[in-house]
Amino acid sequence: MDIENSKKQMRKGVLEFCILAIISQGEIYPSDILRKLKDAKLIVVEGTLYPLLTRLKNAGLLGYSWKESTSGPPRKYYNLTTEGEAFLQELKGTWEELAHAVGFATKNIQLS
Amino acid sequence: MRKVMSVNLGGLVFPIDDEAYGKLDAYIGALQRQFEGTEGADEIIGDIEYRIAEIFQEKVKGGVESISTADVQDIVAVMGAPRELQEEDPNLTGSASAPHTPADQTPADAAQAGTGSDAPAEDPDAPEAFAGTGESTAQSEGYGKSGRKKTRKAEPVGNPGPKRFFRNGDDKLVGGVCSGFAAYIDADPLIVRLAFLLAVLGFGMGPLIYIVLWIIVPEAKTTSEKLQMRGEKVTVESIEKAIRREAKDLKKRFKDFKQEIKDDPKGFEERVEKKANDFFVEAGSPFQRLVHGAARLLTVVFATVVLIVVLSLLFSLATGAGAAAWMVPQFGPLLFPGSGFGRMAILAVLAVVGIPLILAAMSAARAMLGWKRRSGAIHTVFLTVWGVALGLTIFLGFRVAGEFGREISYREELPLEVAPNRPLRIKRLSTAHRDYREDRRIHIDQVRFTDDTVFFGNLDVKISGASGETPALYRIRHARGRNRQQATENAKAITHRVRNTEGSLGIDPEFSLGEHRWRDQDLDLVVELPSGAEIVIDESMRGLLTSVHTDGFMSDAELYNHTLRMTDKGLVRSVQAQPEAGQPHESM
């Protein structure tokens, strides 16, 4: 059993939720999303973000607009659609349940 | 020493080392294949390119002169190996692509087994899977060993996988469709182009097919695509597979385009606006290429038609010229007022007609084969020669035409002896002793050549009634000339043979002009018969007689080889059964 793989799968499971959560705080472009995710050690290689964003966008959860940048190529600023907002709320509910359950489960492990 | 080139990423231009460019190109190519079939694949690639551009921009700002191989390796390490990026897809998508996965996997694995490239997979987690492969030959082995889309393409560069139909952007006249198809079937592009043009001329569907192919067939852009374009031979199975893949690819591209407009009309508009300038104004923009391409297509079609026409004309001209050149010794003195003029005239006419044809053929060939025009010198020479030839042709033309200005005819009476109590027998003199030269290339009606003389057969024999006592024979000469005197001379030049022995008149069916020029000479022979005179027209006169004064009731069969008597109403069958030489059956 590969411990790295398990860790990665665990991070991946919450990645979608985290990205939606980051975008819900206001318009943001991928490089800034990456910075936050990297700080949180949620992402290892940057490339994984882009297919995810495209998929969320194609699912109607995200919208975006192009903005010129003074220091580089034009940037794609993502925002949450109403649908995305609802989706995020639902995920948040699930996450809280999960966190509670995980907390409960791990408490038992620590006890043993 | 390094070679530095520039690369356009996300609208920005970066100087990049040759080798680094190869790696970057390979990496993006690998990403494209990785996401092939994924919804929004091009958008993902585009986003990643923007990110790479951003990172490069930082490096350039930091004082890097050109992007190096190490920089690209950093990029790959940061972005991740292609197959790493796809892995989460089946886990998270749920409905859309997950059911496809097992189905896709099976044939892909089978293909991999078939191509024999099932080298042991590298550590599936190592981000260096791509970046760590320093040698370029190792690159394509490096990525995608485990990616579900990758397996069929994970082969060494030398064997780039199943052949695909790409447009060949490196060798194109219009859109590179023919050239790409030629690469696909391993043929010479020129042959494919010619076949296509024949199809255009034959069925007329060609241009439409071409435009459709132009739109749906992708251009080979990356190195690996170019290798694939020229890849291995195509088998029946691989064609079927390729067609299915192309169809999928096409559907995806249409869908992506629609999606892009639907998803983000505003952003799309902005980008269109931003790029509109490049699109319409800049040379090499798609719009310009479309117009340019259509123009070239028309040019090529036109050029081919011109080339075919011109080549056949040149061919017939050359054959005709050969025959004409052979005829010069005879025609020259016949037509031109000086021995040198004949050859000159033929060369001049050849040049006047031939030079434009040669020039047209040259430019048509250039347009078709894509030759560059090398120098104008040859054109200058051709044009000068053409001008001189035209002048000469006009001069000679007027000169000769002038000698046809005046027409004259004059009549002379020839002695005619008739045997008493015997009908006059009129016959054609034999020309069997004349050794005619036969030339099938040039045939002029009623003109025949021997080695030293030209014979004209356009003479007419007429038989008419007369008021006189005895039969008479007249010869009427016709000719043209610059003036009356010259025309008369020309008429006198007619040499014609009539043999009159007692009871028989032999007429040569041809006349000659000796060394004299031909100025529309013509000859009539008129036999005038008084009432009561009897004649026999020999069968051999068929074709020479143009006018016979008969009573109007005589059939053709009665005309020849019968004794005829001239009456007031014309010739009639003679009622007297006179013994005739050569007609023993009628004598009794």
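Sequence lines set the chain letters: A, B, ... in the order given, protein chains first and strands last, and positions in each chain run from 1. Only heavy atoms go into these numbers, but all of them, side chains included; no hydrogens, no water, no symmetry mates.
Inter-residue side-chain proximity for A/Lys76 and B/Tyr50 is flagged as unmet; no heavy-atom pair is nearer than 4.5 Å.
Atom CG of A/Leu34 is separated from atom CZ of B/Arg51 by 5.5 Å, given to the nearest 0.5 angstrom. The CD1 atom of B/Ile44 lies 9.0 Å from the NZ atom of A/Lys57; values are rounded to the nearest 0.5 Å. In this structure, the separation between CG on B/Leu31 and OH on A/Tyr50 is 11.5 Å, given to the nearest 0.5 Å.
With a 4.5 angstrom heavy-atom cutoff, A/Leu53 does not touch chain B via any of its atoms. Residue contact with chain A, scored on non-hydrogen atoms closer than 4.5 Å, involves the side chain of B/Ile55 exclusively.
The most heavy-atom pairs under 4.5 Å with chain A, out of B/Glu54, B/Glu49, B/Gln57, come from B/Glu54.
Remark: the B/Glu43 side chain and the A/Thr54 side chain contain no N/O donor-acceptor pair separated by less than 3.5 Å.
Summarising the local packing, NZ of A/Lys92 is surrounded by 12 or fewer heavy atoms from other residues, nucleotides or ligands at distances under 6.0 Å. Heavy atoms of other residues, nucleotides or ligands lying less than 6.0 angstrom from NZ of A/Lys41 number 12 at most. Within a 6.0 Å sphere centred on CD of A/Gln25, heavy atoms belonging to other residues, nucleotides or ligands number more than 12.
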